[in-house]
Amino acid sequence: MKRFFFSVSLCLLFAFFCGSSGAQETLPSRLSALLNKDKLTRANLGILVLPADETTPVLSLNAERPMNPASTMKIITSLVALEELGPNYRWSTTLLSEQKINKAKLDGTLYLRGGGDPNFTVEKLGSLLRRLRYLGVQKIKGDIVLDRRFFQPARPDLIAPSFDEAPTAYYNVVPDALLIHSNLVALAINATSDNIDVQLQSTLSDVSIVNHLVLSDAPCAEWEKHMQAPQFNIKARAAIEIGLFGTFPRKCHITSYFSHLDRNTFIENTIRTLWKEMGGTWQGRVQDGVTPNTATVLVDYLSDTLVENIRNINKFSDNSMARSIYLTLGAEANARNLAELSKNQSNGNETTATTAQTSELQVRRWLNRHNINDQGIVLENGSGLSRIERLNAMQLARVLQEAYRSKWYPEFASSLPIVALDGTMRKRLKASVAEQRARIKTGTLRDALAIAGYVRDSENKDWIVVAFINTDGPVQGKQVLDDLILWVAQGRPSDPQ
C-alpha cells in the first residue's frame with residue numbers, strides 16, 4: 001500500500017474529530033438488510049470508514065460511542081509496542097549461578113530468570129539447557145529457583161478472575177514472565193468403532209494416563225461438550241497422573257491442549273525430562289524466588305524479535321502473547337524508573353506500580369503524544385479478551401492512521417490477516433473483489449464482533465475500516481462486517497435510486 005508521510009496539524013485533527021458530523025450515516029441497503037436478518041439494530045453498531053490519508057469520514061455511525069472492541073484492541077498494543085520498544089526488541093531468558101562449574105558439576109542454586117518472552121516454548125527451553133551442557137555441566141546438585149519478577153505481580157495467573165467457564169483453555173492462559181510453552185499439555189485422542197487410545201504429546205516424564213472415556217455416537221465436532229476436563233494428580237516422587245472422564249465420539253481423532261497442570265510442576269518435570277535426555281543429572285526441585293545480585297550469567301536465550309511475535313499475535317489473535325507484550329511495555333518502563341531512582345540516590349521507600357498499571361500509562365501517553373483523545377478508553381490487558389475494555393471506532397481509526405504514517409508501517413501491516421489468504425481472515429470473502437486486497441484484524445467474543453484495518457478499493461485507494469457490533473447476548477453479524485469490507489473494496493457503490 002502506498003505510504004504517506006506528513007505531519008498532522010491541529011486544524012486537521014480538529015477536522016477529523018468534528019468532521020464526522022458531515023459523513024454519511026445511512027447504511028448501504030444490503031448492509032441494512034443483513035442487519036435485519038441478524039436481528040440487529042443501528043444501536044448495536046459502531047462504524048467509521050475514511051480514507052487512510054485523509055481526515056473526513058465517508059461513513060460514520062455511533063463512531064464516538066465506547067464499545068467492546070474484542071481482539072481489535074491488539075492493534076493498539078501492537079503499534080505502541082513497535083514504536084516504544086522497536087521491531088527488533090527481544091526478550092531474554094537467563095540461567096545464573098553464584099557458583100562456578102567444577103568438574104562438570106554445578107553446586108548450589110541455579111536461577112532461571114524469566115524476561116517475559118511471549119513464546120518461550122519447550123524447544124527454546126531445551127536450547128537454553130543444551131547451552132549449559134556445552135559449558136561442561138553434567139550434574140546440577142541444587143534447586144532451580146524460578147525468578148518471575150520482570151512482571152509484577154510475579155504470578156498474575158493466581159489472582160486473575162476467570163474470564164469464562166473455560167479458565168484452562170489456551171485462549172485464557174494468563175502470562176507470567178517465565179511462561180513455558182503456555183503451560184500446555186497435549187493429548188492425542190484417537191477413537192475407532194470400539195476403542196479409545198490416548199497418547200501424551202508433551203515433553204513430560206513419569207506420566208500415567210487413566211482413561212475412563214466411554215465411546216458415544218455424538219458427532220466428532222461435539223467432543224468437547226461431553227468430555228470432562230482432565231484431572232491432574234501429583235503422585236509419589238512428583239509423578240503425574242492424568243484422569244480422563246466422560247464420553248468421546250467413535251471414529252474421532254483430535255489433539256487437544258490443556259493448561260490444568262500447576263506451572264511449577266510443569267516446569268520442573270519438563271526440565272528434568274530435557275536434562276536427562278541430554279545425559280545430565282539433577283537432584284533438586286524447583287521453587288519460586290529471587291536471583292541475588294551476586295549471581296552471574298551462565299547462558300541466556302534471546303527470543304524472536306518483537307515484529308515476529310506481533311505477526312503471530314495479530315494473524316492468529318493470540319491473547320496470551322498479546323498480554324505479554326502489553327505487560328512488557330510496563331515492565332520496561334518500571335525498569336527505567338527504578339534505574340533513574342537509583343541514579344538519583346533513592347532512599348528505598350518508593351513504591352513501584354504494578355506492571356499492568358504502568359502499561360496502561362504508557363499506552364495513554366502514546367495516545368496523547370499523537371493527539372488521540374483517550375476519553376472513554378478502558379484498558380485491562382491489551383488483548384481484547386475482556387468484558388470491560390472499551391474503545392470507540394473513531395479512536396481506533398485514528399490509531400490506524402498513525403500506523404499508516406509510522407516508519408514501522410510495513411512491519412505493522414504485515415502482521416494483519418489478509419482477507420481470503422491467512423490468519424483469522426483466511427476463510428472469509430473468498431472469490432470476492434476484496435480477496436487479498438484488505439488487511440483486517442478481527443475480534444470475536446460471545447457478545448462482541450469487530451473488524452479493523454485497511455481496505456484497498458477498485459481504484460487502488462486505501463481506506464481505513466473500523467466496525468464493532470455489541471449485543472447483550474450471543475452476537476450475530478459476521479456477514480454485516482464482511483459486507484462492509486466488500487462495499488469499500490468495490491468502491492462504495494451507491495444504492496439504486
Side-chain angles (χ1 to χ4, degrees), residues 16 20 23-52 56-76 314 317 376-377 384 389-401 403-404 416-420 423-425 427-429 432-434 437-457 461-472 474-493:
F16 181 89
S20 61
Q24 172 183 333
E25 293 185 357
T26 302
L27 293 175
S29 59
R30 65 193 193 194
L31 264 73
S32 294
L34 288 170
L35 203 67
N36 293 332
K37 177 183 175 183
D38 289 331
K39 298 180 180 179
L40 298 169
T41 69
R42 290 164 55 92
N44 296 120
L45 297 180
I47 294 177
L48 194 71
V49 177
L50 77 160
T56 303
V58 296
L59 177 61
S60 177
L61 178 64
N62 302 322
E64 296 181 72
R65 178 191 298 169
M67 302 180 75
N68 190 329
S71 282
T72 60
M73 181 65 83
K74 293 180 176 72
I75 286 173
I76 296 181
N314 287 334
S317 209
I377 293 179
E389 287 194 325
R390 291 294 183 272
L391 180 69
N392 69 44
M394 183 175 290
Q395 290 163 329
L396 190 52
R398 283 284 294 117
V399 170
L400 285 165
Q401 280 201 321
Y404 195 71
L416 300 178
I418 301 172
V419 165
T424 56
M425 288 296 299
K427 296 181 180 180
R428 294 169 69 169
L429 290 167
S432 75
V433 70
R437 294 182 65 84
R439 294 179 178 270
I440 300 292
K441 180 73 196 78
T442 60
T444 305
L445 295 173
R446 66 188 178 200
D447 53 1
L449 288 176
I451 56 167
Y454 307 98
V455 178
R456 177 165 289 179
D457 70 12
K461 183 178 179 66
D462 292 336
W463 296 82
I464 287 172
V465 176
V466 177
F468 304 144
I469 299 177
N470 284 190
T471 62
D472 293 329
V475 65
Q476 302 292 325
K478 185 181 290 187
Q479 279 187 289
V480 174
L481 300 182
D482 282 357
D483 208 70
L484 178 62
I485 296 170
L486 190 61
W487 177 72
V488 175
Q490 290 174 330
R492 300 174 295 112

**Request:** Would you list the pairs meeting salt bridge (charged side-chain N to carboxylate O under 4.0 Å, His left out) in which at least one residue belongs to residues 30-50, sequence neighbours left out?
**Result:** R30-D483
**Prompt:** Hey, does V475 have a side-chain heavy atom less than 4.5 Å from the side chain of N470?
**Reply:** no
**Complete:** The side-chain contact (heavy atoms from CB on, under 4.5 Å) partners of A452 (sequence neighbours excluded) come to T72, I75, L396, L400, V466
**Prompt:** What residues, two or more places apart in sequence or in another chain, satisfy side-chain contact (heavy atoms from CB on, under 4.5 Å) together with P474?
**Reply:** none
**Request:** Could you pull out all residues at least two apart from R446 that satisfy salt bridge (charged side-chain N to carboxylate O under 4.0 Å, His left out)?
**Result:** E165
**Message:** Minimum heavy-atom separation for W487 and P493, please, with both atom names.
**Reply:** NE1-O, 3.3 Å
**Request:** Return the minimal non-hydrogen interatomic distance between V433 and Q490, and the atom names on each side.
**Result:** CG1-CG, 3.3 Å
**Message:** Apply side-chain contact (heavy atoms from CB on, under 4.5 Å) to residues R437 and I418 and explain how you reach the verdict.
**Reply:** CA-CA 7 Å; R437 294 182 65 84; I418 301 172; over 6 Å; no
**Fill in**
M425 and I440 have their tightest heavy-atom pair at CG-O, 3.6 Å
**Item:** Partner of L59 under side-chain contact (heavy atoms from CB on, under 4.5 Å), chosen from V488, V49, T26
**Value:** V49
**Complete:** Taken in chain and number order and not counting sequence neighbours, the residues that satisfy salt bridge (charged side-chain N to carboxylate O under 4.0 Å, His left out) with D447 are R387
**Request:** List in chain and number order the residues that pass side chain to side chain donor-acceptor pair (under 3.5 Å) with K74, two or more places apart in sequence or in another chain; answer none if no residue qualifies.
**Result:** S71, S317, N319
**Item:** Atom pair CG (N44) and CE (M67), whose distance is rounded to the nearest 0.5 Å
**Value:** 7.0 Å
**Prompt:** N62 versus F468: any side-chain heavy-atom pair under 4.5 Å?
**Reply:** no
**Prompt:** So do L484 and L31 actually touch side chain to side chain, heavy atoms under 4.5 Å?
**Reply:** yes
**Prompt:** Where do A467 and L481 come nearest, in terms of heavy atoms and distance?
**Reply:** CB-CD2, 3.7 Å
**Prompt:** Mind checking whether I76 and L391 have side chains closer than 4.5 Å, heavy atoms only?
**Reply:** yes
**Prompt:** For D457, what residues pass the side-chain contact (heavy atoms from CB on, under 4.5 Å) criterion, not counting sequence neighbours?
**Reply:** E459, K461, W463
**Message:** Tell me whether D472 at atom CG has more than 12 heavy atoms from other residues, nucleotides or ligands lying less than 6.0 Å away.
**Reply:** no
**Item:** I469 side chain near L45 side chain, heavy-atom distance below 4.5 Å
**Value:** yes
**4.5 Å side-chain heavy-atom contact, L50 and L48** = yes
**Y454 vs V465 side-chain heavy atoms within contact, under 4.5 Å** = no
**Fill in**
For A434 and V419 the tightest heavy-atom approach is O-CG1, 3.6 Å
**Closest non-hydrogen atom pair, A397 against I464** = O-CD1, 3.9 Å
**Pairwise distance CZ(R428) to CG(D482) - rounded to 0.5 angstrom** = 4.0 Å
**Any residue meeting side-chain contact (heavy atoms from CB on, under 4.5 Å) with R390, in chain and number order, not counting sequence neighbours** = P66, N68, V378
**Request:** Please identify each residue that fulfils side chain to side chain donor-acceptor pair (under 3.5 Å) with T424, with sequence neighbours left out.
**Result:** T442
**Request:** Carefully, step by step, assess V455 and D462 under the rule side-chain contact (heavy atoms from CB on, under 4.5 Å).
**Result:** CA-CA 6 Å; V455 178; D462 292 336; over 6 Å; no
**Message:** Under the rule for side chain to side chain donor-acceptor pair (under 3.5 Å), what residues qualify as partners of N392, not counting sequence neighbours?
**Reply:** Q395
